[in-house]
Amino acid sequence: MERFVDTFFNASVIASTWPKILSGMLITVELALSVVVTGLAFGLFLALIRTAQIRLLNAAIVVFVDVLRALPPLVMVLIIYFGLPNVGLTLPSFAVLWLVLAAVLAAFAEEIFWAGILSVRRGQWDAARSTGLTFPDTLAFVVLPQTIRMVLPPLVNRTIAITKNTALGTVIGVPELLNQATTAVSFLSNATPLMLAAIGYLIIFVPVVLFGSWLEQRFAFRKA
Amino acid sequence: MTAASPILDIQDLRKSYGANEILKGIDLAVHAQETVFIIGPSGSGKSTLLRCCNRLETPDAGTVTVDGVDLGDPRTDINAMRRRIGMVFQSFNLYPHMKAMDNITLALRRVSKKSRADAEVLALAALERVGLAEKRNAYPAELSGGQQQRIAIARALALEPKVMLFDEPTSALDPELVGSVLAVMSDMARAGMTMVVVSHEMRFARDAADRVVFMDHGVIVEQGSPGEIFGQSQHARTRAFVSQLER
């Protein structure tokens with residue numbers, strides 16, 4: 001028992017590493033927020049473009065979405081971080097991770113939003129258009145509000161799953177939560193910083209999970 | 001425009017889906033304050049005809065003129081015209097995320113550009129006409145089918161249409177709820193609304209219709225007064241169809 005505590009909850013290690021863990025948490029939160037906001041916005045934007053039914057554009061979106069959903073994010077992070085400098089383009093590691101994760105989230109979000117838009121019954125479009133509402137107004141006031149209520153559960157799950165990939169920052173040196181912890185571990189040969197990191201992740205993501213369930217309940221509506 | 005020109009004038013209307021010709025040249029004129037019933041077997045093109053009247057479907061050929069405006073003319077502002085052509089659907093199609101009041105005010109605010117206050121006054125008047133003013137804050141799921149359909153009628157009425165199209169408005173309703181919707185439609189007919197109704201409510205048609213149109217296989221077989229069509233039709237196809245309705 002003593003050895004267990006010494007390995008995972010070592011008091012002196014906690015005392016010496018918590019400021020770094022905390023700064024890593026801040027970076028992780030910053031990354032996560034950037035990824036969620038831009039990824040969801042871009043995903044919705046792509047789904048909206050798709051409603052215009054422009055064949056070439058739709059094909060491009062489908063290819064983008066399928067490629068990004070198929071590739072492991074780690075592969076993309078490595079290719080961009082280690083590959084781009086060879087063609088003269090060096091991006092900060094934070095930017096690389098943000099770009100990759102936002103793009104992946106956008107790809108999944110586009111598919112979820114698009115499926116949601118398609119599942120709004122044809123009659124809703126008919127009713128709105130028959131009163132003279134324009135296509136954009138019908139989308140904005142009739143279709144999207146129903147779409148968003150429907151897609152909230154899968155969207156929240158997917159967003160959490162992708163946002164947790166901020167831990168990939170470790171492999172390209174983004175000073176996020178896991179990176180701070182592993183660095184400390186290699187210096188101190190003690191697993192306590194990893195436990196601190198795990199607790200840090202719980203502190204960040206448990207509220208997000210709870211917020212997601214609250215959102216789902218808040219926006220649920222009885223089907224007509 | 002003379003007083004005699006029709007509110008709704010359909011000429012040689014044709015529509016196909018692939019090789020399947022749904023409408024094979026329809027001519028139909030509906031005058032102000034007329035109530036015209038369209039009956040016919042399923043697949044006869046009744047709904048498609050109705051949906052061509054506000055361009056939810058685009059005809060392949062022929063013209064639809066509403067209040068003197070050719071809907072097919074590229075210069076026609078179709079959204080401005082649709083405001084003048086009310087439509088009521090079999091499945092109500094209320095917006096489930098909005099209260100009854102907001103279902104009605106949406107087009108008033110976005111299309112007619114009314115302020116929220118003005119839109120709510122008009123919406124309340126429309127709700128009173130269908131007898132559901134007290135349900136203004138109810139969501140569609142909290143209403144019976146009959147009430148939902150009456151709200152849907154109010155949604156179209158509030159825009160002050162020149163003509164109202166009804167696509168089987170009572171087919172999705174439980175029998176005991178049909179009467180309340182038909183009562184609202186009778187009131188509208190009596191108040192002088194021009195109405196085109198696809199429906200098989202024969203008893204209602206006898207009372208409310210000025211004219212009954214029988215369609216089959218994409219053509220108008222015959223038209224006449226309810227008495228003529230339901231009573232002593234000269235066409236075997238009409239007689240066969242009407243006898244099925246009576247069963």
Side-chain angles (χ1 to χ4, degrees), chain A residues 40 43-44 47-48 51-55 109 112-156 211-224, chain B residues 47 50-51 53-57 77-100 102-113 138-145 147-149 151-152 154-161 164-167 172:
Chain A
L40 291 181
L44 179 59
L48 292 180
T51 62
Q53 314 265 29
I54 303 165
R55 194 172 296 185
I112 293 171
F113 280 125
W114 177 240
I117 289 171
L118 287 186
S119 69
V120 172
R121 297 207 328 274
R122 178 83 230 155
Q124 294 288 310
W125 286 93
D126 285 348
R129 299 310 303 276
S130 79
T131 59
L133 249 62
T134 60
F135 182 88
D137 273 0
T138 303
L139 254 184
F141 295 103
V142 176
V143 175
L144 280 185
Q146 298 183 52
T147 301
I148 287 166
R149 284 165 169 79
M150 259 184 295
V151 303
L152 219 41
L155 199 60
V156 168
F211 177 66
S213 332
W214 177 81
L215 262 187
E216 283 165 28
Q217 273 162 16
R218 167 77 177 72
F219 286 107
F221 67 102
R222 281 146 297 181
K223 284 243 162 187
Chain B
S47 285
L50 220 52
R51 292 170 64 87
C53 293
N54 64 355
R55 269 189 117 69
L56 285 183
E57 302 287 346
D77 177 353
I78 189 63
N79 290 323
M81 287 308 295
R82 279 176 175 155
R83 191 160 53 112
R84 296 285 173 233
I85 311 167
M87 189 162 199
V88 174
F89 302 87
Q90 181 176 353
S91 49
F92 329 135
N93 298 344
L94 291 182
Y95 314 132
H97 57 297
M98 291 184 188
K99 293 173 177 175
D102 301 327
N103 262 275
I104 301 172
T105 55
L106 179 62
L108 287 168
R109 298 177 64 190
R110 299 298 306 175
V111 187
S112 306
K113 307 291 180 195
Y139 283 93
E142 298 163 353
L143 300 168
S144 74
Q147 290 171 332
Q148 287 189 52
Q149 192 61 299
I151 303 283
R155 177 171 65 185
L157 266 184
L159 295 165
E160 295 171 357
M164 288 273 291
L165 312 171
F166 293 85
D167 190 2

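A note on names: the letters A, B, ... follow the listed sequences, proteins ahead of strands, and every chain is numbered from 1.
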Task: Nearest heavy atoms of A:Q124 and B:Y95, plus distance in Å - done: OE1-CD2, 3.3 Å
Task: For the student: nearest non-hydrogen atoms of B:N54 and A:S130, plus distance - done: ND2-CB, 3.6 Å
Task: Segment of B:R51 engaging chain A (4.5 angstrom heavy-atom cut-off) - done: side chain
- [ ] Could you check B:R155 against A:T131 for side chain to side chain contact (heavy atoms under 4.5 Å, CB included), going step by step and ending with a plain yes or no?
- [x] CA-CA 8 Å; B:R155 177 171 65 185; A:T131 59; 4.3 Å; yes
TODO: Can you tell me which residue pairs pass the salt bridge (charged side-chain N to carboxylate O under 4.0 Å, His left out) test with a partner in residues 135-145 of chain A, sequence neighbours excluded?
DONE: A:D137-B:R110
- [ ] List for me each residue that meets salt bridge (charged side-chain N to carboxylate O under 4.0 Å, His left out) alongside B:D102, sequence neighbours excluded, and say none if there are none.
- [x] none
Task: A:V142 versus B:H97, closest heavy-atom pair with distance - done: O-CE1, 3.4 Å
Task: B:E160 CD: over 12 foreign heavy atoms closer than 6.0 Å - done: no
Task: Region of B:I85 in contact with chain A, defined by heavy-atom distances below 4.5 Å - done: backbone
Task: Over 12 non-hydrogen atoms of neighbours within 6.0 angstrom of CZ in A:F211 - done: no
Task: Spacing of B:N79 atom CG and A:T134 atom OG1 [to the nearest 0.5 Å] - done: 6.0 Å
Open item on the list: Determine whether A:R129 and B:L56 satisfy the following criterion, side chain to side chain contact (heavy atoms under 4.5 Å, CB included), listing intermediate values before the conclusion.
Closed with: CA-CA 8 Å; A:R129 299 310 303 276; B:L56 285 183; 4.0 Å; yes
TODO: Under 4.5 Å heavy-atom distance to chain A, tell me which part of B:M81 shows up: side chain, backbone, both or neither.
DONE: neither
TODO: Taking all non-hydrogen atoms of both residues into account, name the closest pair between B:N93 and A:A127 and its distance.
DONE: O-CB, 3.5 Å
